[in-house]
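Order of the sequence lines fixes the chain letters, A, B, ..., with proteins taken first and strands second; residue numbering starts at 1 for each chain. All figures in this text were calculated on a predicted structure; none of them were measured in a lab.
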Amino acid sequence: MAVEKPKSFQEILLALQSYWASKGCAILQPYDMEVGAGTFHPATTLRALGAKPWSAAYIQPSRRPTDGRYGDSPNRWQHYYQYQVIIKPSPPDLQDIYLGSLEAIGIDMGLHDIRFVEDDWESPTLGAWGLGWEVWCDGMEVSQFTYFQQVGGHDCHPVSGELTYGLERLAMYVLGYDDGNEMPFNSPDAPIPLTYGDIFREAEAQYARWNFDVANTEMLFQHFIDAENECRAILEQPEIDPKTGRRIVMALPAYDQCIKASHIFNLLDARGVISVTERQAYIGRVRALAKACADAFVMTEAAGAA
Amino acid sequence: MADLLIELFSEEIPARMQRRAAEDLKRLVTDGLVEAGLTYASAGAFHTPRRLALTIEGLLAESPAIREERKGPRTDAPEQALAGFLRSTGLTKDQLEARADKKGEVWFAVIDKPGRPAAEIVGEVLEATIRNFPWPKSMRWGTGTLRWVRPLHSILCVLSDEGGASVIPLDVDGIASGDTTEGHRFMAPGRFSVSGFESYESSLKQRFVILSAEERAEKIWHDATQMAFAQGLEVVEDKGLLAEVAGLVEWPVVLMGDIGADFLDLPAEVLQSSMKEHQKFFSVRDKAGRIVKFVTVANRETLDDGATILAGNQKVLSARLADAKFFWENDLRVATTDITQWTDKLANVTFHNKLGSVAERIDRIAALSRKLAPVVGADPDEAETASRIAKADLSSEMIYEFPDLQGVMGEYYAQSAELSDEIAAVAREHYQPLGPSDDVPTAPLSITVALADKIDTLTGFWAIDEKPTGSKDPFALRRAALGVIRLVLENDARLHLDRFIDAQLLRHEIDVSDGEERKLLHAVLGEIARHGPFSSAVRAIVDKIEGDAPDWVEKVLSHSPDVSDDLLSFLHDRLKVFLRDKGIRHDVIDASLAMPNADDLTLLVKRAAALQDFLGTEDGENLIQGFKRAHNILKQAEEKDGVEYSFGPDPKLAETDEERALFTALDAAEAEIAPAMEAEDFGTAMRGMATLRAPIDAFFETVQVNADSQILRRNRLNLLHRISATCLSVADLTKVEG
């Protein structure tokens with residue numbers, strides 16, 4: 001299948017969007033909160049739970065404060081993009097469908113060496129794990145491919161197949177750039193051509209400074225506790241809404257607070273104020289929230305509960 | 001006779017699990033077949049990233065018929081007994097036979113089990129094997145409940161004989177068996193059918209799959225070495241990596257590429273680790289030993305002969321090495337400014353939650369090193385400095401990224417901090433020996449810190465009661481113990497391990513932050529390391545304390561030797577294993593262990609080696625017989641008489657020449673043995689002992705020990721005691737067998 005080589009970062013995003021749309025996925029929008037990875041989107045974490053079939057794909061802007069390099073690194077940013085695909089139950093030909101997506105963004109299967117190399121995925125903060133691979137193209141990791149086994153402490157049944165593409169790295173490879181900041185974001189032939197660096201370099205420097213040295217840690221510690229308390233408080237509400245008289249389990253609003261706590265933890269970590277021993281304790285606290293949200297979500301109609 | 005071919009085709013199996021899985025498949029299927037009565041001539045198992053295969057040749061076409069007879073109750077037994085027998089045999093009463101027995105008539109059940117066709121048995125065995133496969137980690141997928149390492153796609157199961165081949169039908173969770181499989185994922189997509197192992201293996205090869213992992217590994221190694229050789233280079237051998245890479249490809253294609261000129265100055269170990277850990281590349285070195293190129297193994301051929309693949313791999317490597325170079329340069333900046341800031345940072349790194357931080361551990365090692373240094377001829381101040389630098393690299397960026405390079409980088413960084421080569425080498429060498437075949441350091445400074453490091457580890461985990469049990473040894477304590485043994489023996493080091501163990505155990509138990517108290521603690525523990533915990537030197541320090549003694553002093557004085565004894569006996573157990581592998585008899589080791597100062601391992605082994613040599617001689621073997629005879633007669637007599645015959649025998653009471661000769665021989669032997677033992681010259685001592693052999697033999701031949709005269713009898717028993725005592729001063733010969 002001859003595919004015209006994409007010329008810009010956004011062409012790759014668009015190609016992935018239309019490829020997965022053609023495979024029947026609902027093309028969702030990014031979740032509107034700060035997250036560390038596409039997996040945190042409730043469309044993955046929560047929808048992987050329960051028996052209801054699900055099929056979605058989306059771009060998720062993600063933030064990892066510790067990865068900040070002030071915009072100076074050719075391949076590391078504290079804000080970056082992941083492309084996420086989740087299909088439940090995992091189709092038997094998911095590997096082939098996935099390979100089709102690589103062709104769709106201009107990777108010629110006849111010239112490249114694609115490999116599935118063991119890499120089991122685990123998210124201690126989400127109480128989730130799965131088995132799968134990192135997918136290599138000519139020795140470079142281009143995706144993570146996982147069969148979810150557990151999320152929020154619940155066994156996944158049926159099992160979801162999850163794909164995560166690190167978009168910057170993949171695009172740099174496909175477009176042939178060693179420095180991601182130089183890669184064209186829109187078409188190089190556009191009246192106003194913009195590179196990835198034009199768009200993000202300034203932001204990277206500003207956020208790196210704030211993340212590493214300025215963020216008010218006292219306030220963040222308090223926000224962490226607030227989010228934790230709010231999450232618990234939401235889940236402690238009775239199932240029956242006294243106003244409407246309907247059964248409304250508020251797993252999603254509670255999960256928002258869990259995501260918040262997780263991101264605040266990442267910020268505190270970047271500020272270097274969490275010691276090695278405390279680290280485990282904080283991760284455990286976020287995991288406890290994720291589990292409580294998962295417990296609540298499986299009780300909802302969205303998870304297939306009666 | 002029939003041949004059986006099985007293939008389980010799945011998504012990519014982790015390389016590290018493939019070999020074991022193929023062996024398990026073979027074991028489980030053949031065991032199941034044999035148990036059902038189906039024997040076979042030969043079996044072979046294979047693995048690739050996407051398949052496990054098993055071929056069995058010369059399989060019985062059906063299991064032999066079996067007739068089983070079971071004896072039941074007597075025919076006049078109560079109804080219930082008969083009913084129970086019928087239930088257990090699954091027969092009805094009219095199917096039973098009544099037979100005469102000694103006690104009357106008894107029911108017999110005769111059950112004919114007809115032979116079963118191989119296909120039926122194979123189907124059952126294979127299904128059970130798939131359902132209960134012992135993967136180290138397995139998963140579910142889709143809507144199914146079956147567990148496999150990754151989704152299982154197809155089951156090939158073909159039984160063939162002269163009449164042709166047929167599929168053995170089975171269905172595991174919706175996966176039906178068949179006679180088809182797939183070739184290479186990209187180079188030959190699509191399914192094809194096979195009729196038996198030969199067609200399977202050759203069809204796979206036509207479809208770009210080499211079935212045998214050994215063949216793949218050989219091809220990789222052959223092509224890689226040829227390619228390197230053609231350019232006057234050499235591939236760095238790495239068997240583990242070769243096996244892993246052979247498990248990542250079905251159709252290996254070797255490609256060799258350049259390492260960017262920017263990176264050639266990185267330490268060879270850094271280049272090698274970057275390439276191996278992340279990229280599974282082999283390193284290629286030039287005649288001077290510099291790593292100049294890499295070899296990568298692709299899983300396919302391409303129209304551009306791998307040019308795109310190689311360029312991609314090179315790009316990835318450059319990005320990796322750019323990271324490594326960044327770490328290296330950052331680290332060098334720290335190391336040349338003030339390398340000790342790395343050690344300070346280790347206060348925030350937990351070594352073990354019950355054993356404190358790495359920094360605390362370094363403090364303990366430094367304190368112990370000071371005491372060990374003089375024993376192996378190192379300077380205590382240098383030993384302390386070296387201890388404090390040895391683990392500094394654990395804070396470096398490079399070690400965060402490549403933990404395997406700990407010590408190796410430490411040496412580079414210490415050199416850059418302008419520490420002496422001897423101190424720098426400690427960073428690398430104090431981890432040694434890393435295994436039974438690893439080198440043991442010989443520089444006094446390295447020996448000191450290597451010993452301190454291992455003794456601190458052992459005493460720490462003993463102090464918190466985390467000892468190895470059975471096959472579980474998560475902290476590699478057996479390796480640490482063997483390290484201590486080899487460090488001591490191979491360097492002929494002379495030390496009382498027991499005392500150092502006691503001192504270090506107390507160092508784990510007592511936590512003092514106050515400066516003055518720390519000095520006092522160091523002084524006390526120093527005396528313990530030198531003279532043992534119950535020595536007067538320890539008392540002397542304690543007695544000098546003015547005012548109230550700190551609480552821990554009581555702890556020191558009431559220190560129980562149980563834990564250190566237990567650790568020493570663990571070391572002795574490891575020593576036994578170590579010496580047995582070196583061909584030293586276990587009874588010889590026991591005979592040496594029972595002697596005083598057995599915590600001085602060098603002394604212990606010297607004694608054991610001499611004893612082993614001695615027992616290998618004719619004199620030695622016979623002397624043991626003489627000794628045992630003397631010892632046994634003496635012990636029996638002492639038990640019977642209820643006294644100890646340990647008074648010196650009187651030569652004037654000797655009656656015969658032989659008896660007199662024995663007295664003379666004992667005088668001479670004792671005169672030779674005592675100074676030899678003093679000088680730890682066990683060879684001479686044993687030769688002295690050997691001179692007793694003939695006189696002892698002659699004595700027993702001619703003299704009656706249990707003489708009628710009580711005076712003579714007592715004198716002779718005392719003489720036997722003298723023989724026994726003389727011999728036992730050399731080694732505990734009662735432990736020697738034979």
Side-chain angles (χ1 to χ4, degrees), chain A residues 51 53 69 73-76 87-96 99 107-120 129-133 135-142 145-150 155-161 169 172-173 176-179 272 275-277 280, chain B residues 11-17 49-50 135 137-145 147 149-151 153 174-175 185-187 189 247-249 253 255 278-281 296-300 302-304 306-320 322-323 326 348-350 353 357:
Chain A
R69 296 290 184 273
S73 164
N75 52 21
R76 240 181 243 281
I87 305 178
K88 176 174 74 170
S90 62
D93 55 348
L94 187 56
Q95 278 188 315
D96 291 333
L99 291 171
I107 295 179
D108 182 347
M109 290 293 139
L111 289 178
H112 293 274
D113 182 28
I114 310 289
R115 231 72 85 62
F116 292 86
V117 180
E118 177 190 16
D119 190 33
D120 299 337
W129 66 275
L131 299 194
W133 313 272
V135 184
W136 284 11
C137 175
D138 304 334
M140 185 179 72
E141 185 193 342
V142 290
F145 190 131
T146 307
Y147 291 101
F148 275 3
Q149 301 296 299
Q150 242 189 23
D155 279 346
C156 297
H157 197 73
V159 166
S160 299
R169 200 155 21 152
M172 282 163 66
Y173 193 62
Y177 283 85
D178 291 338
D179 183 344
S275 74
V276 184
T277 19
Q280 287 315 311
Chain B
E11 296 177 13
E12 278 75 357
I13 307 167
R16 65 191 171 92
M17 300 180 190
R50 294 211 289 168
W135 289 109
K137 248 184 183 179
S138 64
M139 55 165 273
R140 290 174 290 103
W141 60 96
T143 53
T145 54
R147 301 190 75 91
V149 64
R150 293 293 183 275
H153 280 265
I175 306 164
R185 186 193 278 283
F186 298 105
M187 295 181 74
L248 288 171
V249 292
V253 175
L255 302 167
H278 295 298
Q279 303 304 133
K280 321 285 182 209
F281 291 171
T296 181
V297 183
N299 186 32
R300 61 164 308 156
T302 61
L303 285 175
D304 65 353
T308 307
I309 297 174
L310 189 59
N313 276 286
Q314 224 145 5
K315 193 176 261 201
V316 182
L317 179 63
S318 292
R320 290 268 182 221
D323 275 347
F326 178 74
N348 300 320
V349 181
T350 309
N353 59 11
S357 69

Could you check which of [options] has the highest count of heavy-atom pairs closer than 4.5 Å to chain A?
options: B:D323, B:V316, B:T296; value: B:V316
options: B:I13, B:L310, B:T302, B:N313; value: B:N313
options: B:M17, B:R150, B:K137, B:Q314; value: B:R150

A:V117 backbone acceptor or donor facing B:E12 side chain under 3.5 Å: no
Looking only at heavy atoms, which two atoms of [X] and [Y] are closest? And how far apart?
X: B:T308; Y: A:D138; result: O-OD2, 3.9 Å
X: A:V159; Y: B:R140; result: CG2-O, 3.5 Å
X: A:D113; Y: B:N299; result: OD1-N, 3.2 Å
X: B:G142; Y: A:P158; result: O-CB, 3.2 Å
X: A:H157; Y: B:T145; result: CE1-CG2, 4.1 Å

Contact class of [X] relative to chain A, heavy atoms under 4.5 angstrom:
X: B:V253; result: neither
X: B:H278; result: backbone
X: B:S138; result: backbone

In terms of heavy-atom proximity below 4.5 Å to chain B, should [X] be classed as side chain, backbone, both, or neither?
X: A:Y173; answer: side chain
X: A:L94; answer: neither
X: A:C156; answer: backbone
X: A:D120; answer: side chain
X: A:R76; answer: side chain

Among A:P89, A:S160, A:G132, A:S73, which residue forms the greatest number of heavy-atom pairs with chain B at distances under 4.5 Å? A:G132
What residue, out of A:A51, A:G139, A:C137, has the most heavy-atom pairs lying under 4.5 Å from chain B? A:G139
Would you compute the distance between atom [atom1] of [X] and atom [atom2] of [Y] and round it to the nearest 0.5 angstrom?
X: A:E141; Y: B:Q279; atom1: CD; atom2: CD; answer: 10.0 Å
X: A:F148; Y: B:M139; atom1: CZ; atom2: CE; answer: 12.0 Å
X: B:K280; Y: A:R115; atom1: NZ; atom2: CZ; answer: 10.5 Å

Between B:R300 and A:I114, does the side chain to side chain contact (heavy atoms under 4.5 Å, CB included) criterion hold? Intermediate values first, please. CA-CA 9 Å; B:R300 61 164 308 156; A:I114 310 289; over 6 Å; no
Passes side chain to side chain contact (heavy atoms under 4.5 Å, CB included), A:D96 versus B:R185? Steps please. CA-CA 10 Å; A:D96 291 333; B:R185 186 193 278 283; 3.7 Å; yes
